[in-house]
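Remarks on the structure that follows.
For clarity, every value in this text was computed on a predicted model and none was experimentally measured.
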There are 2 protein chains.
Amino acid sequence: MGLPLRRSKVEPPPPCPLTRSLLLLRGAWAPNVIWALSGEARRFGELRHDIPKISARVLSARLRELEIRGLVSRQLLDTSPPSAEYALTELGREMMPAIKALVAVGHKLPEVDARARKPARGASIAGRLAA
Amino acid sequence: MGLPLRRSKVEPPPPCPLTRSLLLLRGAWAPNVIWALSGEARRFGELRHDIPKISARVLSARLRELEIRGLVSRQLLDTSPPSAEYALTELGREMMPAIKALVAVGHKLPEVDARARKPARGASIAGRLAA
DNA sequence: CGGAATCCCCAGTGATACTG
DNA sequence: CAGTATCACTGGGGATTCCG
């Protein structure tokens, strides 16, 4: 799979129906970027400000990926100094209801520490749930 | 390294409304696991068979995490040899419509190579879209 | 059979500096 | 302001092995 150069040695999981849409939400910062764009169009610098701690490198990468995947549009503004404006595409706006449905269910989830992925030795599930 | 400086261990991104639900879909195999459970209850070995190539280690980790997060229930069956049965909880079933909405939008997405995240030098976006 | 412990690798991210 | 180049590090995941 892949462009001529640099194939990944790590074989990806077989795709499931969810795969296509989840590709958009992959990456630690993708959700924040999409959410920040769910309102009105934003410029690069605005996004950096809206999403504290995100690095320019990652923001740039996620925006470019979302653009390639058809969720985000990029418009170079002929201003001085130059600026760029990002917005959700039609497809991007179509996806928002699905996203919001997910958010709604998320609110009903029990609060669990992120470390749930890294089970402490000897700690029982009950213990972690009770904490 | 010198002294035990508690160097920042990859600070997680600030949470956004999506974060909570996306924690469930994190990990390369989580979508497959959830999808495999969306029908009827399955045993550990059945899941390994349903999800080709998944390692026991990862399947176990994802199931445990989903259990902790309240999406999946685990029932130890008192059989011989011992077996375990996994199923979506009430909350898990509540999440399925949201998931399916996401799947529906996914079908409308343009087919883009997974390598979109690793832009090749000099290759234009248009070029990758046309490919 | 269901799962935990160990070892290793690499894709994604952060930090910083630099360019247009 | 809007990105890109380079380096270093981390932890998720694969493979294998061992346990109840």
Side-chain angles (χ1 to χ4, degrees), chain A residues 1-2 6-14 23 25-33 42-49 51-65 67 74-86 114-125, chain B residues 1 5-14 23 25-33 42-49 51-65 67 74-86 114-125:
Chain A
M1 75 181 224
R6 180 198 257 158
R7 1 189 103 202
S8 154
K9 271 190 187 175
V10 183
E11 191 162 334
L23 283 175
L25 300 169
R26 242 173 61 181
W29 293 93
N32 305 68
V33 172
R42 306 292 279 165
R43 292 190 297 112
F44 191 89
E46 290 176 322
L47 288 172
R48 283 188 79 173
H49 180 263
I51 313 174
K53 305 286 181 68
I54 194 173
S55 71
R57 183 193 181 288
V58 171
L59 176 56
S60 176
R62 291 288 75 79
L63 283 171
R64 187 164 304 267
E65 182 182 5
E67 184 187 3
R74 174 175 181 266
Q75 168 116 28
L76 261 177
L77 303 179
D78 193 11
T79 56
S80 175
S83 55
E85 194 165 78
Y86 295 87
R115 275 155 300 182
R117 338 195 93 227
K118 321 198 131 192
R121 324 272 176 173
S124 71
I125 290 181
Chain B
M1 294 289 303
L5 290 179
R6 201 89 55 85
R7 304 211 48 96
S8 53
K9 311 174 170 183
V10 182
E11 190 168 332
L23 283 174
L25 300 169
R26 243 173 61 182
W29 293 92
N32 305 69
V33 172
R42 308 291 280 166
R43 291 192 298 111
F44 191 88
E46 291 176 322
L47 288 172
R48 285 189 78 171
H49 181 263
I51 313 175
K53 305 284 180 67
I54 195 174
S55 70
R57 180 192 180 286
V58 171
L59 176 55
S60 176
R62 289 290 75 77
L63 284 172
R64 186 164 304 267
E65 182 181 5
E67 183 188 3
R74 174 173 180 267
Q75 169 120 25
L76 262 178
L77 304 179
D78 193 11
T79 56
S80 173
S83 56
E85 192 165 79
Y86 294 87
R115 297 172 259 71
R117 346 194 87 228
K118 317 203 135 200
R121 327 272 177 177
S124 71
I125 290 178

Rounded to the nearest Å, what distance is computed from the CZ atom of residue A:Arg43 to the C1' atom of nucleotide D:dG3?
-> 14 Å
Rounded distance (Å) that lies between atom C1' of D:dT4 and atom CZ of A:Phe44 = 10 Å
Going by heavy atoms in the side chains, are A:Arg48 and A:Leu59 under 4.5 Å from each other?
-> yes
Report the residues that fulfil side chain to side chain donor-acceptor pair (under 3.5 Å) with B:Arg42, sequence neighbours left out, ordered by chain and then residue number.
-> B:Asp50
Taken to the nearest whole Å, CG/A:Leu59 to C1'/C:dG12 is 15 Å
Are A:Phe44 and A:Arg74 close enough that some pair of their side-chain heavy atoms sits under 4.5 Å apart?
-> no
Axis-to-axis angle across the helix from C:dC1-D:dG20 to C:dG20-D:dC1, five pairs each end, nearest 10 degrees, ~ 40°
At under 4.0 Å, does any side-chain N or O of B:Arg42 touch on OP1 or OP2 of C:dG2?
-> no
From CG of A:Asn32 across to C1' of C:dG12 the rounded distance in Å is 15 Å
Could you state the CD-C1' distance from B:Glu67 to C:dG3, rounded to the nearest angstrom?
-> 13 Å
A:Ser60 side chain N/O closer than 4.0 Å to the phosphate oxygens (OP1, OP2) of D:dG3?
-> no
Under 4.0 Å between any heavy atoms, over every strand shown, what does B:Arg48 touch: base, sugar-phosphate, or nothing? Just pick one.
-> nothing
Less than 4.5 Å apart, any side-chain heavy atom of B:Tyr86 and any of B:Val33?
-> no
Would you mind reading off the distance between A:Leu76 atom CG and C:dG20 atom C1', rounded to a whole angstrom?
-> 12 Å
Is any side-chain N or O of A:Arg62 closer than 4.0 Å to OP1 or OP2 of C:dG12?
-> no
Tell me, do A:Pro14 and B:Asn32 make a side-chain contact under 4.5 Å, heavy atoms counted?
-> yes
Residues which pass side chain to side chain donor-acceptor pair (under 3.5 Å) with A:Ser55, listed by chain and number, not counting sequence neighbours | none
Please list, for nucleotides 14-20 of chain D, all pairs of protein and nucleotide N/O atoms separated by less than 3.5 Å.
residue : atom : partner : partner atom : Å
D:dG14  : OP1  : B:Trp29 : NE1          : 2.4
D:dG14  : OP2  : B:Trp29 : NE1          : 3.4

Before accepting this row, confirm whether a basic side-chain N of the pair A:Glu65/A:Arg62 lies closer than 4.0 Å to the acidic partner's carboxylate O.
-> yes
B:Leu25 vs A:Leu25 side-chain heavy atoms within contact, under 4.5 Å | no
Interatomic distance, B:Leu63 CG vs C:dA4 P [rounded to whole Å] = 10 Å
Any residue meeting side chain to side chain contact (heavy atoms under 4.5 Å, CB included) with A:Ala28, in chain and number order, not counting sequence neighbours = B:Pro13
Using whole Å, report how far CD of B:Glu46 lies from C1' of C:dG2.
-> 13 Å
Examine C:dG12: is either OP1 or OP2 under 4.0 Å from a nitrogen or oxygen in the side chain of A:Arg26? Give yes or no.
-> yes
